[in-house]
Amino acid sequence: MCLILDDIRRLKKKIDRLQMKVECFSTYKGIKYEADHVQSSPDPHAGEKLIINHIMDEQYLERLKQEQKDLISQVDMKQFTDRQQEFIRLFYFQGLTQTQCCKFLKIKISAVCRLKKRVVHKMFAEEIQQRS
């Protein structure tokens, strides 16, 4: 169960990368320039392939977002303090760095490290309790 937070964080990073790719999708440029700087004919199917890949990326992005929601719903937030819950949302669910969390939580990096340690400890304790 403790690894679920790490899984959520990794998934968020993957979602962010794919989201950027989808958002940066630009119009097809059909002219190719070879090493000799000679213009060649465009691949007649290249535009179609780009659009199909873009559509597949969008669909995959939606599946990843749903997977993330499903994982987040498995985390019992009631066991954590308000400050710990906010840290979990920022660090694990939104994928911010610990330094970025400092700014949002208005605390020093050492306090963020202690906060993370407490969260991980509670998650391990819950996992052990569930196995018993």
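Computed over heavy atoms, backbone and side chain alike; hydrogens, waters and symmetry mates excluded.
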Task: Rounded distance [0.5 Å steps], CG in L115 versus CD1 in I107 - done: 5.5 Å
TODO: Evaluate the side-chain proximity of I4 to M123: yes if any heavy-atom separation is below 4.5 Å, no if none is.
DONE: yes
- [ ] Using side chain to side chain contact (heavy atoms under 4.5 Å, CB included) as the criterion, list what pairs up with S110, not counting sequence neighbours.
- [x] K108, R114
Open item on the list: Does L11 form a side chain to side chain contact (heavy atoms under 4.5 Å, CB included) with D7? I'd like the steps, not just the answer.
Closed with: CA-CA 6 Å; L11 190 55; D7 291 342; over 6 Å; no
Task: Partner residues of I72 under the side chain to side chain contact (heavy atoms under 4.5 Å, CB included) criterion, sequence neighbours left out - done: I8, Q68, F93
Task: Polar contact flag, side-chain donor to acceptor under 3.5 angstrom, Q66-D70 - done: yes
- [ ] Taking R83 for its side chain and L105 for its backbone only, find out whether a donor-acceptor pair lies under 3.5 Å.
- [x] yes
Open item on the list: Please enumerate all residues that pass salt bridge (charged side-chain N to carboxylate O under 4.0 Å, His left out) together with R89, with sequence neighbours excluded.
Closed with: E86
Task: Test side chain to side chain contact (heavy atoms under 4.5 Å, CB included) applied to K122 and R118, step by step - done: CA-CA 6 Å; K122 279 189 180 183; R118 288 186 197 113; 5.8 Å; no
Task: Under 3.5 Å: donor-acceptor pair, side chain of Q84, backbone of T81 - done: yes
Task: Sequence neighbours excluded - side chain to side chain donor-acceptor pair (under 3.5 Å) pairs with any residue from residues 90-99 - done: T97-Q100
Open item on the list: Side chains of Q85 and K78: any donor to acceptor distance under 3.5 Å?
Closed with: no
Task: Electrostatic pair D16-K13, nearest N-O below 4.0 angstrom - done: no
Indicate every side-chain donor-acceptor pair of residues 51-62 with a distance under 3.5 Å to a residue at least two apart or in another chain.
residue: N53; atom: ND2; partner: K49; partner atom: O; Å: 3.4
residue: H54; atom: NE2; partner: E58; partner atom: OE2; Å: 3.1
residue: D57; atom: OD2; partner: K21; partner atom: NZ; Å: 3.0
residue: Y60; atom: OH; partner: K14; partner atom: NZ; Å: 2.9

- [ ] Answer yes or no: is there a donor N or O on one side and an acceptor on the other, between the side chain of R9 and the main chain of L96, under 3.5 Å?
- [x] yes
Task: Interatomic spacing from CG in L71 to CZ in R10 - rounded to 0.5 Å - done: 10.5 Å
- [ ] Identify, with sequence neighbours excluded, every residue that meets salt bridge (charged side-chain N to carboxylate O under 4.0 Å, His left out) alongside K116.
- [x] none
